[in-house]
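Please read all numbers here as calculations on a predicted model, not as lab measurements. In this chain, residues are counted from 1 in sequence order.
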Amino acid sequence: MKTDNKSFWQRFARIYGIVMEKSSAKLYAEICNQIRLHLKPDMAVLELACGTGQLSFPLSNFVKSWEATDFSEAMIAEAGKKAAPKPLHFSVQDATALPYDAECFDAVVISNALHIMPHPEKALEEIRRVLKPEGILFAPTFVHGEYMGFRLRVRLMELAGFHTYHKWNADEFIAYVSEHGFSVVEQTILGDSLAPLCYAMAKRTALR
(Lines give C-alpha, C1' and ligand atoms only; values in the text may rest on other atoms or scores of the structure.)
Protein backbone atom coordinates (compact mmCIF):
# COMPACT_ATOMS: atom_id res chain seq x y z
CA MET A 1 0.00 0.00 0.00
CA LYS A 2 1.46 3.35 -1.06
CA THR A 3 1.88 5.92 1.69
CA ASP A 4 3.28 8.88 -0.25
CA ASN A 5 0.03 10.70 -1.21
CA LYS A 6 0.63 9.96 -4.90
CA SER A 7 -2.79 8.40 -5.48
CA PHE A 8 -4.39 11.54 -4.01
CA TRP A 9 -2.47 13.81 -6.38
CA GLN A 10 -3.27 11.60 -9.34
CA ARG A 11 -6.99 11.89 -8.62
CA PHE A 12 -6.83 15.61 -7.81
CA ALA A 13 -4.67 16.75 -10.74
CA ARG A 14 -7.48 17.73 -13.13
CA ILE A 15 -8.95 20.28 -10.72
CA TYR A 16 -5.76 21.23 -8.86
CA GLY A 17 -5.05 24.35 -10.90
CA ILE A 18 -8.62 25.63 -10.49
CA VAL A 19 -8.60 25.02 -6.73
CA MET A 20 -5.21 26.71 -6.31
CA GLU A 21 -6.30 29.73 -8.33
CA LYS A 22 -9.37 30.21 -6.16
CA SER A 23 -7.79 29.44 -2.78
CA SER A 24 -4.10 30.35 -2.97
CA ALA A 25 -3.43 32.76 -5.84
CA LYS A 26 -2.43 35.61 -3.51
CA LEU A 27 -0.16 33.38 -1.43
CA TYR A 28 1.62 31.98 -4.49
CA ALA A 29 2.07 35.49 -5.84
CA GLU A 30 3.82 36.36 -2.56
CA ILE A 31 6.06 33.28 -2.89
CA CYS A 32 6.92 34.29 -6.45
CA ASN A 33 7.81 37.80 -5.32
CA GLN A 34 10.17 36.43 -2.66
CA ILE A 35 11.93 34.02 -5.02
CA ARG A 36 12.06 36.45 -7.95
CA LEU A 37 14.39 38.75 -5.99
CA HIS A 38 17.15 36.12 -6.15
CA LEU A 39 16.82 34.86 -9.71
CA LYS A 40 19.39 35.74 -12.39
CA PRO A 41 19.33 35.30 -16.19
CA ASP A 42 22.18 32.76 -16.21
CA MET A 43 20.68 30.41 -13.62
CA ALA A 44 19.69 26.77 -14.10
CA VAL A 45 16.82 25.99 -11.74
CA LEU A 46 15.30 22.69 -10.68
CA GLU A 47 11.78 22.67 -9.24
CA LEU A 48 10.52 19.66 -7.30
CA ALA A 49 6.85 18.96 -6.62
CA CYS A 50 5.83 21.56 -9.19
CA GLY A 51 2.18 20.54 -9.38
CA THR A 52 0.66 22.09 -12.48
CA GLY A 53 3.14 24.97 -12.57
CA GLN A 54 1.92 27.55 -10.05
CA LEU A 55 5.52 28.79 -9.63
CA SER A 56 7.01 27.39 -12.83
CA PHE A 57 5.10 29.55 -15.31
CA PRO A 58 5.50 32.96 -13.62
CA LEU A 59 9.18 32.49 -12.68
CA SER A 60 10.81 30.52 -15.49
CA ASN A 61 11.24 33.48 -17.85
CA PHE A 62 13.69 35.08 -15.42
CA VAL A 63 16.34 32.32 -15.74
CA LYS A 64 18.29 30.39 -18.38
CA SER A 65 16.54 27.08 -17.73
CA TRP A 66 13.80 25.83 -15.40
CA GLU A 67 13.32 22.07 -15.02
CA ALA A 68 9.93 21.59 -13.36
CA THR A 69 9.29 18.12 -11.97
CA ASP A 70 6.65 16.21 -10.06
CA PHE A 71 6.22 12.54 -9.16
CA SER A 72 2.59 12.63 -10.32
CA GLU A 73 2.24 11.86 -14.01
CA ALA A 74 -1.23 13.39 -13.95
CA MET A 75 0.07 16.70 -12.59
CA ILE A 76 2.73 16.90 -15.29
CA ALA A 77 0.13 16.04 -17.95
CA GLU A 78 -2.04 18.94 -16.75
CA ALA A 79 0.93 21.32 -16.72
CA GLY A 80 1.78 20.26 -20.27
CA LYS A 81 -1.58 21.45 -21.55
CA LYS A 82 -0.44 25.08 -21.19
CA ALA A 83 2.04 26.80 -23.49
CA ALA A 84 5.38 26.93 -21.69
CA PRO A 85 7.96 29.72 -21.96
CA LYS A 86 11.18 28.69 -23.73
CA PRO A 87 13.25 28.11 -20.54
CA LEU A 88 10.59 25.84 -18.99
CA HIS A 89 10.56 22.06 -19.29
CA PHE A 90 8.34 19.62 -17.38
CA SER A 91 9.18 16.02 -16.50
CA VAL A 92 8.12 13.28 -14.10
CA GLN A 93 10.76 12.72 -11.42
CA ASP A 94 11.05 11.35 -7.90
CA ALA A 95 12.49 14.05 -5.63
CA THR A 96 14.21 11.39 -3.52
CA ALA A 97 16.03 9.76 -6.47
CA LEU A 98 16.92 12.38 -9.07
CA PRO A 99 18.62 11.49 -12.38
CA TYR A 100 20.73 14.66 -12.61
CA ASP A 101 24.49 14.98 -12.23
CA ALA A 102 25.99 16.35 -9.04
CA GLU A 103 26.32 20.12 -8.67
CA CYS A 104 24.47 21.03 -11.87
CA PHE A 105 21.79 23.47 -10.63
CA ASP A 106 22.15 27.02 -9.35
CA ALA A 107 18.90 26.80 -7.39
CA VAL A 108 16.33 24.25 -6.32
CA VAL A 109 12.71 25.12 -5.51
CA ILE A 110 10.55 22.77 -3.47
CA SER A 111 7.30 24.42 -2.49
CA ASN A 112 4.83 22.99 0.03
CA ALA A 113 6.08 19.43 -0.26
CA LEU A 114 8.61 18.54 2.44
CA HIS A 115 5.95 18.28 5.15
CA ILE A 116 3.86 15.83 3.11
CA MET A 117 6.75 13.48 2.26
CA PRO A 118 7.26 10.35 4.37
CA HIS A 119 11.04 10.86 4.15
CA PRO A 120 11.86 14.51 3.39
CA GLU A 121 15.46 13.95 4.47
CA LYS A 122 15.97 11.91 1.29
CA ALA A 123 14.77 14.84 -0.83
CA LEU A 124 17.08 17.24 1.02
CA GLU A 125 19.99 14.85 0.46
CA GLU A 126 19.29 14.80 -3.26
CA ILE A 127 18.86 18.58 -3.34
CA ARG A 128 22.29 18.99 -1.71
CA ARG A 129 23.78 16.63 -4.27
CA VAL A 130 22.47 18.44 -7.37
CA LEU A 131 23.04 21.99 -6.08
CA LYS A 132 26.23 23.81 -6.97
CA PRO A 133 28.40 24.75 -3.94
CA GLU A 134 26.97 28.28 -3.84
CA GLY A 135 23.50 27.16 -4.89
CA ILE A 136 20.26 28.26 -3.27
CA LEU A 137 17.40 26.21 -1.88
CA PHE A 138 13.97 27.84 -1.88
CA ALA A 139 11.65 25.84 0.39
CA PRO A 140 8.40 27.67 1.15
CA THR A 141 6.42 25.21 3.26
CA PHE A 142 3.08 25.18 5.04
CA VAL A 143 3.61 24.96 8.78
CA HIS A 144 1.27 23.85 11.52
CA GLY A 145 -1.10 26.52 12.79
CA GLU A 146 -2.51 26.65 16.31
CA TYR A 147 -6.03 27.69 15.38
CA MET A 148 -8.96 25.29 15.38
CA GLY A 149 -9.76 26.15 11.76
CA PHE A 150 -6.30 25.03 10.66
CA ARG A 151 -6.55 21.73 12.53
CA LEU A 152 -10.00 21.11 11.04
CA ARG A 153 -8.65 21.78 7.54
CA VAL A 154 -5.86 19.24 8.05
CA ARG A 155 -8.34 16.68 9.41
CA LEU A 156 -10.67 17.07 6.42
CA MET A 157 -7.76 16.55 4.03
CA GLU A 158 -6.75 13.40 5.88
CA LEU A 159 -10.30 12.08 5.54
CA ALA A 160 -9.98 12.69 1.79
CA GLY A 161 -6.90 10.46 1.70
CA PHE A 162 -4.20 13.11 2.04
CA HIS A 163 -1.65 12.69 4.80
CA THR A 164 0.57 15.34 6.40
CA TYR A 165 3.57 13.47 7.75
CA HIS A 166 5.30 16.36 9.51
CA LYS A 167 3.27 18.93 11.43
CA TRP A 168 6.14 21.35 12.01
CA ASN A 169 5.72 24.84 13.35
CA ALA A 170 7.99 27.46 11.76
CA ASP A 171 10.85 27.02 14.23
CA GLU A 172 10.73 23.24 13.91
CA PHE A 173 10.76 23.45 10.12
CA ILE A 174 13.78 25.77 10.07
CA ALA A 175 15.56 23.47 12.52
CA TYR A 176 14.82 20.44 10.34
CA VAL A 177 16.25 22.06 7.21
CA SER A 178 19.29 23.23 9.19
CA GLU A 179 19.90 19.72 10.54
CA HIS A 180 20.02 18.27 7.03
CA GLY A 181 22.85 20.17 5.42
CA PHE A 182 21.55 23.70 4.90
CA SER A 183 21.95 27.10 6.48
CA VAL A 184 18.75 29.17 6.37
CA VAL A 185 19.68 32.71 5.38
CA GLU A 186 16.21 34.18 4.92
CA GLN A 187 12.85 33.33 6.42
CA THR A 188 9.45 34.93 6.82
CA ILE A 189 5.87 33.90 7.49
CA LEU A 190 3.37 34.33 4.67
CA GLY A 191 -0.31 33.48 4.44
CA ASP A 192 -2.81 33.52 7.29
CA SER A 193 -3.84 31.47 10.33
CA LEU A 194 -5.69 28.93 8.16
CA ALA A 195 -2.65 28.35 5.94
CA PRO A 196 0.51 29.73 7.55
CA LEU A 197 3.55 29.31 5.32
CA CYS A 198 7.20 29.59 6.27
CA TYR A 199 9.20 30.96 3.35
CA ALA A 200 12.78 29.72 3.76
CA MET A 201 15.81 30.37 1.58
CA ALA A 202 18.92 28.36 2.41
CA LYS A 203 22.48 27.65 1.29
CA ARG A 204 24.41 24.39 1.36
CA THR A 205 26.61 23.83 4.38
CA ALA A 206 29.63 21.55 4.66
CA LEU A 207 28.75 18.04 5.77
CA ARG A 208 30.16 17.05 9.14
Side-chain angles (χ1 to χ4, degrees), residues 17 20-21 23-70 79 82-90 93 95 98 100 103-116 120 123-124 126-143 145 168-206:
M20 295 301 289
E21 180 63 29
S23 66
S24 303
K26 181 179 178 181
L27 177 59
Y28 272 77
E30 290 184 72
I31 296 171
C32 284
N33 289 339
Q34 294 286 339
I35 294 175
R36 169 70 185 90
L37 295 173
H38 303 282
L39 299 181
K40 298 177 182 178
D42 61 347
M43 293 177 75
V45 178
L46 171 65
E47 183 182 4
L48 305 175
C50 69
T52 56
Q54 282 66 36
L55 298 181
S56 323
F57 285 99
L59 290 175
S60 57
N61 264 331
F62 296 105
V63 298
K64 180 177 66 176
S65 66
W66 188 289
E67 182 70 16
T69 72
D70 200 286
K82 295 175 280 189
K86 186 176 180 180
L88 178 58
H89 177 257
F90 287 99
Q93 305 294 347
L98 296 170
Y100 310 109
E103 300 184 358
C104 62
F105 290 101
D106 299 290
V108 174
V109 178
I110 181 165
S111 178
N112 296 323
L114 290 170
H115 64 305
I116 56 175
L124 289 173
E126 279 292 86
I127 291 168
R128 273 190 56 83
R129 184 183 67 79
V130 302
L131 266 179
K132 294 178 181 179
E134 297 302 315
I136 303 171
L137 166 63
F138 299 101
T141 302
F142 286 122
V143 291
W168 296 306
N169 63 33
D171 290 341
E172 290 167 341
F173 171 62
I174 295 299
Y176 187 87
V177 172
S178 301
E179 289 165 4
H180 288 85
F182 293 90
S183 175
V184 176
V185 296
E186 186 177 317
Q187 66 183 91
T188 189
I189 298 296
L190 305 175
D192 54 34
S193 60
L194 281 179
L197 178 138
C198 182
Y199 167 84
M201 185 182 87
K203 297 289 187 73
R204 280 178 41 171
T205 56

statement: Here the pair of heavy atoms bringing Leu88 nearest to Ala68 is CD1-CB, 3.9 Å
- line: CG of Leu59 to CG of Asn33, rounded to nearest 0.5 Å, is 9.0 Å
query: Are Phe142 and Phe173 an aromatic pair by the rule of ring centers under 6.0 Å?
result: no
- prompt: With a 4.5 Å heavy-atom cut-off, do Leu197 and Ile31 have their side chains touching?
  reply: yes
- request: Could you give me the CA-CA distance, side-chain angles and deciding distance for Leu55 and Cys32, then say whether side-chain contact (heavy atoms from CB on, under 4.5 Å) is met?
  value: CA-CA 7 Å; Leu55 298 181; Cys32 284; 3.5 Å; yes
message: Tell me which one of Leu137, Thr205, Val177 satisfies side chain to side chain contact (heavy atoms under 4.5 Å, CB included) with Ser183.
response: Thr205
- request: Give me the ring orientation class for Tyr100 and Phe105: parallel if the planes are under 30° apart, tilted from 30 to 60°, perpendicular past 60°.
  value: perpendicular
message: Heavy-atom count check: over 12 atoms from other residues, nucleotides or ligands less than 6.0 Å from Glu21 CD?
response: no
message: Please report the interatomic distance CZ(Phe90) to OG1(Thr69), rounded to the nearest 0.5 Å.
response: 10.0 Å
statement: Here the pair of heavy atoms bringing Ala84 nearest to Phe57 is CA-CE2, 3.9 Å
query: Taking C-beta and beyond as the side chain, do Glu103 and Arg204 meet within less than 4.5 Å on heavy atoms?
result: yes
- line: Distance col, row Gln93:CD vs Glu67:CD, nearest 0.5 angstrom, shows 6.5 Å
field: Flag side-chain contact, heavy atom, 4.5 Å: Tyr176 against Thr141
entry: no
Student check: side-chain heavy atoms of Leu114 and Leu124 closer than 4.5 Å: yes
Tyr199 vs Glu30 side-chain heavy atoms within contact, under 4.5 Å: no
message: For the NZ atom on Lys82, are there more than 12 heavy atoms of other groups (residues, nucleotides or ligands in this structure) within a distance under 6.0 Å?
response: yes
message: Looking at every non-hydrogen atom in both residues, tell me the closest pair between Ala200 and Val184 and how far apart they are.
response: CB-CG1, 4.4 Å
message: So, taking the atom named CE in Met201 and the one named CD in Gln34, what distance separates them when rounded to the nearest 0.5 Å?
response: 9.5 Å
task: Answer yes or no: is there a side-chain heavy-atom contact under 4.5 Å between Phe62 and Met43?
output: no
query: Is the closest side-chain heavy-atom distance between Asn112 and Tyr28 below 4.5 Å?
result: yes
- request: Compare all side-chain heavy atoms of Phe182 with those of Ile127 and state whether any distance is below 4.5 angstrom.
  value: yes
- request: Keeping the roles fixed (side chain from Glu126, backbone from Leu98), state whether a donor-acceptor pair exists under 3.5 Å.
  value: yes
Pair listing, side-chain hydrogen bond (donor to acceptor under 3.5 Å, both in side chains) test, anchored in residues 42-64, at least two apart: Glu47-Ser56, Glu47-Trp66, Thr52-Gln54
